[in-house]
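Below, chain A is the first sequence line, B the second, and so on; all start at residue 1. The shown structure was predicted, so the numbers you read here are calculated from the model rather than taken from an experiment.
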There are 2 protein chains.
Amino acid sequence: MAWKRISDAVIRRLPLYLRVLEEVKDKQISISSQELGDMAGVRPALVRKDLAWFGEFGKQGVGYDVEFLQDELRKILHLDEPIHMALVGVGSLGHALARYHHRRFMEDPIFTIKLVALFDVNPNLVGATLDSIPIFHPDEIAAVVPDMDVQMAIITVPSDVAQETGVALAQAGVKAILNFAPVNLEIPGNVHVANADLSLELQRLAYYIGT
Amino acid sequence: MAWKRISDAVIRRLPLYLRVLEEVKDKQISISSQELGDMAGVRPALVRKDLAWFGEFGKQGVGYDVEFLQDELRKILHLDEPIHMALVGVGSLGHALARYHHRRFMEDPIFTIKLVALFDVNPNLVGATLDSIPIFHPDEIAAVVPDMDVQMAIITVPSDVAQETGVALAQAGVKAILNFAPVNLEIPGNVHVANADLSLELQRLAYYIGT
DNA sequence: TAGATTGTTAATCGATTAACAATC
DNA sequence: TAGATTGTTAATCGATTAACAATC
């Protein structure tokens, strides 16, 4: 399976397929690459090629068994068991994302990524909880991350401390980071960083108001 | 200039270059594609190719004049004059994004995308303001958008009303939408939609915790 | 069996990189 | 002038699409 590196473009579409499968799972037993593609906004040939990287999940003349494919995709994305996540920087954005994520987690039983720890330098927050999630000082990252088995993190700290925050998380054992700070993080080791810089996205979109 | 469609991959890198230029503009007069590329995380040849789509901005043996290139990139991205933006759905996420964006706008004079109107169905919010930005009922989109010259919008409404919200915005004349709802919007006309679905991003990242 | 749909191969398309003549 | 660096062309690389034999 992991003998060949699978491109990021492929991985990016798997959660899209997962969303479609969840939507149709009560209505039908199987789904064709045609239908799955239509609903996900992807060409059927590409759907088949994407899935074929991981195994032979379909049946000729029939399509893919919805629940089986759902299970397989969950396994591939490590969503078949709980994932622990931390969030560093409980400012206005961090606070909102924490609450938003927590509500999502509570409402949707198949959403397995759980926020278990928050970090902030504000002494008024340290020691308190938000939606019953404990808030620690960032100095405790090295201790808390292994302790709570945290594997992913969201960074919502100010730009000037984003880099050191990323490094601290990586050294503590975090494997994937979603970074909202408007800086390009340079993280050592094989830690995957995804950027979710709102202002960059808006500036990019501005291009299209003139077409 | 617009005689040939410029690929989205190119447009996506322009704000990155803009950020680098802003960072160095007090320290140096000109910058080479090598240095610009290093700081933006892009190969120098690609930097030159990207910029060459829009004109001949550099000087052989010297590089690019920082302020001149900044001006040109701002013009290309329509960031040389104020852009009015609306946000629909003042729930916890929308509320936080509005405040976050507003602070960014106030602090950073070169950030020209201004949030001028909020929309929400909650009668306790309609008629009030947030950071002095007025909150309207979504029924008023058709009237307010042309009135206030709104060109971009952020959607943070619940999934089940995201599609109709998008259509209403498009019909009112909005040209670009940043959608945080976990649905694939089908918007008529040449409206550009970018998705910023947090849960999709996290599910994608989860793949990398096992590598 | 006949019809449908997969998994896979080959063809196409598009984006990135390397190389270099032009020239500041 | 000599050195540096652009803009552009050709080569490479990777991702998507079309086509179809295999088979449920």
Side-chain angles (χ1 to χ4, degrees), chain A residues 1-17 20-21 24 28-73 76 184 204 207, chain B residues 1-17 20-21 24 28-73 76 184 204 207:
Chain A
M1 262 186 219
W3 39 270
K4 196 187 196 308
R5 203 194 118 72
I6 307 234
S7 108
D8 200 61
V10 174
I11 301 301
R12 195 176 288 275
R13 285 187 292 267
L14 301 186
L16 235 48
Y17 301 152
V20 171
L21 294 172
V24 304
Q28 58 197 83
I29 298 293
S30 62
I31 191 169
S32 66
S33 60
Q34 175 73 56
E35 191 178 0
L36 179 45
D38 281 350
M39 295 183 70
V42 174
R43 298 288 179 87
L46 190 52
V47 171
R48 295 200 297 279
K49 194 150 217 290
D50 284 346
L51 299 178
W53 286 102
F54 303 97
E56 307 196 355
F57 300 143
K59 267 198 185 67
Q60 281 103 326
V62 180
Y64 301 88
D65 181 282
V66 174
E67 296 207 0
F68 174 70
L69 184 57
Q70 213 177 14
D71 282 351
E72 291 299 318
L73 287 179
I76 292 163
N184 221 350
R204 174 179 88 75
Y207 175 77
Chain B
M1 264 186 223
W3 39 270
K4 193 185 198 309
R5 200 194 119 71
I6 309 248
S7 109
D8 199 62
V10 174
I11 302 301
R12 194 176 292 275
R13 286 187 291 267
L14 302 186
L16 235 46
Y17 301 151
V20 171
L21 294 172
V24 303
Q28 56 197 83
I29 298 294
S30 62
I31 190 169
S32 65
S33 59
Q34 176 73 56
E35 191 178 0
L36 179 45
D38 281 349
M39 296 183 69
V42 174
R43 297 286 180 88
L46 190 52
V47 171
R48 295 199 297 278
K49 196 151 217 287
D50 284 346
L51 298 178
W53 286 103
F54 303 97
E56 308 197 355
F57 299 142
K59 267 200 184 66
Q60 282 103 325
V62 180
Y64 301 88
D65 182 280
V66 174
E67 297 208 358
F68 174 71
L69 185 55
Q70 213 178 13
D71 282 350
E72 291 299 318
L73 288 179
I76 292 164
N184 219 350
R204 174 178 89 75
Y207 174 77

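As rounded to whole Å, 10 Å separates atom P of dT5(D) from atom CD of E35(B). Atom-to-atom, CH2 of W53(A) to P of dT6(C) comes out at 19 Å; the value is rounded to the nearest Å. Distance CD1 (I31(A)) to P (dC24(D)): 21 Å, rounded to an integer number of Å. Between L51(A) atom CG and dT5(C) atom P the separation is 16 Å, expressed in whole Å. What separates CZ of R5(B) from C1' of dC13(C) is a distance of 15 Å, to the nearest Å. Distance, Q34(A) CD to dG7(C) C1': 16 Å, rounded to whole Å.
Counting only heavy atoms from C-beta outward, the side chains of L51(B) and L73(B) approach each other to under 4.5 Å. Put simply, the side chain of V20(B) does not reach to within 4.5 Å of the side chain of D38(B), judged on heavy atoms. Here the side chains of L14(A) and Y207(B) are not in contact, with every heavy-atom distance at 4.5 Å or above. Contact of the Y17(A) side chain with the D50(A) side chain is registered, since non-hydrogen atoms from C-beta on lie closer than 4.5 Å.
Here the CG atom belonging to L69(B) is positioned 11.0 Å from the OG atom belonging to S30(B), to the nearest 0.5 angstrom. Between atom CZ of residue R48(B) and atom CZ of residue F57(B) there is a gap of 15.5 Å, rounded to the nearest 0.5 Å.
The side chain of R48(A) lies closest to dG7(C) when the candidates are dG7(C), dT16(D), dT5(D). Of the candidates dT6(D), dT5(C), dA10(D), dT5(C) carries the atom nearest the S32(A) side chain, counting heavy atoms from C-beta on. Side-chain atoms of S33(A) lie closest to dT6(C) of the nucleotides dA10(D), dT8(C), dT6(C). When the nucleotides dA22(C), dT16(D), dT5(C) are ranked by their closest atom to the side chain of Q60(B), dA22(C) comes out on top.
With sequence neighbours excluded, the residues forming a salt bridge (Lys or Arg N to Asp or Glu O under 4.0 Å) with R12(B) are D8(B), listed by chain and number.
Nearest-nucleotide mapping onto DNA chain C: of G61(B) and R43(B), the residue sitting toward the 5' end is R43(B). Map K59(B) and V42(A) each onto its nearest nucleotide of DNA chain D; the residue landing nearer the 5' end is K59(B).
At the phosphate of dG7(C), OP1 or OP2 sits under 4.0 Å from a side-chain N or O atom of Y64(A).
Comparing the axis of the opening five pairs of the helix from dG3(C)-dC24(D) to dC24(C)-dG3(D) with that of the closing five pairs yields an angle of 10°, rounded to 10°.
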